[in-house]
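Taking it in order: structure first as structure tokens, then the write-up.
Labels below follow one simple rule: chain letters A, B, ... track the order of the sequence lines, proteins then strands, and each chain is numbered from 1.
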2 protein chains.
Amino acid sequence: MSDHEQPPLPPNSRLSGDALPPVEQHAQQYETVRNAHETELIEDYVELIGDLLRHRGEARAADIASRMAVSQATVSKMIRRLNELGLVTSRPYRSLFLTEEGHKMAETSRARHDIVLHFLRALGVRDNTARIDAEGMEHHVSDETLAIMRRFTEKHQT
Amino acid sequence: MSDHEQPPLPPNSRLSGDALPPVEQHAQQYETVRNAHETELIEDYVELIGDLLRHRGEARAADIASRMAVSQATVSKMIRRLNELGLVTSRPYRSLFLTEEGHKMAETSRARHDIVLHFLRALGVRDNTARIDAEGMEHHVSDETLAIMRRFTEKHQT
DNA sequence: CAAATAGTTTAACCTTGGCTAACAATTATT
DNA sequence: AATAATTGTTAGCCAAGGTTAAACTATTTG
């Protein structure tokens, strides 16, 4: 196929990263990430709506827009989607509410978020950084890792 | 604005998640994540191309397609983009190569990936899970956290 | 060396998640 | 009550990242 010779592995090749995983495993990694991306935004919206309801008693599209740093039109469109997915109920010009299912998703999402956030803090990451990192990481942490993070945080609590 | 009363904070309210961050901070979190998403895929492709070059001596579109679990057409399109971005050079029907800049990106990306992967392993996460989580997490870990992860891994090395 | 096979590209399409601009409805203010 | 301000919706646009199907190029093999 190729007449290139294999690049000789230097003795310190671990510094240059591990070997390539077998194709199927590698593919599965990327697939998992792609799938996570599909649900990620949905979860973020639902989680935020849950947070707003809990802390403010209501969740208005305008609040979501400013907290997400996104236009109201975008939020409006998104709410329609959440509606179709059966995650929220909405009457125009009224606060949003979560359905049973939406509530469950919000809970799960927030629990994950908190575990990651508290873990990062326990690790010694500064608060603001921890918040940002947690927001990005939360959708990519498996249950297994999550469990380990929770145990770690408990152990390293002040 | 709303006649809803604030939900009373139960004493164990930490279990129910932290307070809402101020709007600007909250917005910044989401913006950071959105920005990460834009570069994420690009970095994944470049990183994979770098890995293939290093381990195989060449990077063919077909290999990328199977390792990413994506159609060849998708890869082809993506390569055009990478070209426009000045990250790879490609002659039709030939192996890809990374430009200077592409090489740098691949290195950085791989370094980050490795730090996260080794950190997860050091934490006690099973290998396959660690791989999957690392793939998703790597683009969302700040330099600060990365540094902490690296130190942790060194300390907890067998 | 011709034919088969493998690899690559292109074209046409779809869905998501942004945007702006224009409009509609509600709520607040005077 | 009229007007102003805020909030929400709709329409039309765009780019990204997927897809399949078809065409084209290169490589391998009979």
Could you check how far [atom1] of [X] sits from [atom2] of [N], rounded to whole Å?
| X | N | atom1 | atom2 | value |
| --- | --- | --- | --- | --- |
| B:His37 | D:dA16 | NE2 | C1' | 13 Å |
| B:Leu96 | C:dT8 | CG | P | 8 Å |
| A:Glu58 | C:dT27 | CD | P | 11 Å |
| B:Asn35 | C:dG17 | CG | C1' | 14 Å |
| B:Ile64 | C:dG7 | CD1 | C1' | 13 Å |
| A:Glu38 | C:dC14 | CD | C1' | 13 Å |
| A:Glu31 | D:dG17 | CD | P | 17 Å |
| A:Arg81 | C:dT16 | CZ | P | 5 Å |

Exercise. Between the side chains of A:Asn83 and A:Ser90, does any donor sit under 3.5 Å from an acceptor?
Worked result: yes
Problem set entry | Ring centre gap for A:His140 and A:His37 strictly below 6.0 Å | yes
Would you call [X] and [Y] a salt bridge, using N to O less than 4.0 angstrom?
| X | Y | answer |
| --- | --- | --- |
| A:Arg56 | A:Asp63 | no |
| B:Glu58 | B:Arg94 | no |
| B:Asp51 | B:Arg54 | yes |

Problem set entry | Short side-chain N/O contact to D:dT7 OP1/OP2 from A:Arg60, under 4.0 Å | no
Exercise. Of all the nucleotides listed (D:dT20, D:dT27, C:dT27), which has the minimum atom distance to the side chain of A:Arg94?
Worked result: C:dT27
Seminar exercise, completed: Members sharing A:Val116's hydrophobic cluster, built from side-chain contacts under 4.5 Å between Ile, Leu, Val, Met, Phe, Trp and Tyr, are A:Ile115, A:Phe119, A:Leu120, A:Leu123, A:Val125, A:Met137, A:Val141, A:Leu146, A:Ile148, A:Met149, A:Phe152, B:Ile115, B:Val116, B:Phe119, B:Leu120, B:Leu123, B:Val125, B:Met137, B:Val141, B:Leu146, B:Ile148, B:Met149, B:Phe152
Restricting both atoms to N or O, compile the protein contacts to nucleotides 9-11 of chain D shorter than 3.5 Å, with distance only.
residue : atom : partner : partner atom : Å
D:dT9   : OP2  : A:Ser76 : OG           : 3.0
D:dT10  : OP2  : A:Arg80 : NH1          : 3.4

For this session: Sort and list the pairs that fulfil side chain to side chain donor-acceptor pair (under 3.5 Å) and have at least one residue in residues 98-108 of chain A, not counting sequence neighbours.
Result: A:Glu107-A:Arg110
Exercise. Using a cut-off of 4.0 Å on non-hydrogen atoms, how would the nucleic acid contact of A:Val70 be classed: base, sugar-phosphate, or nothing?
Worked result: sugar-phosphate
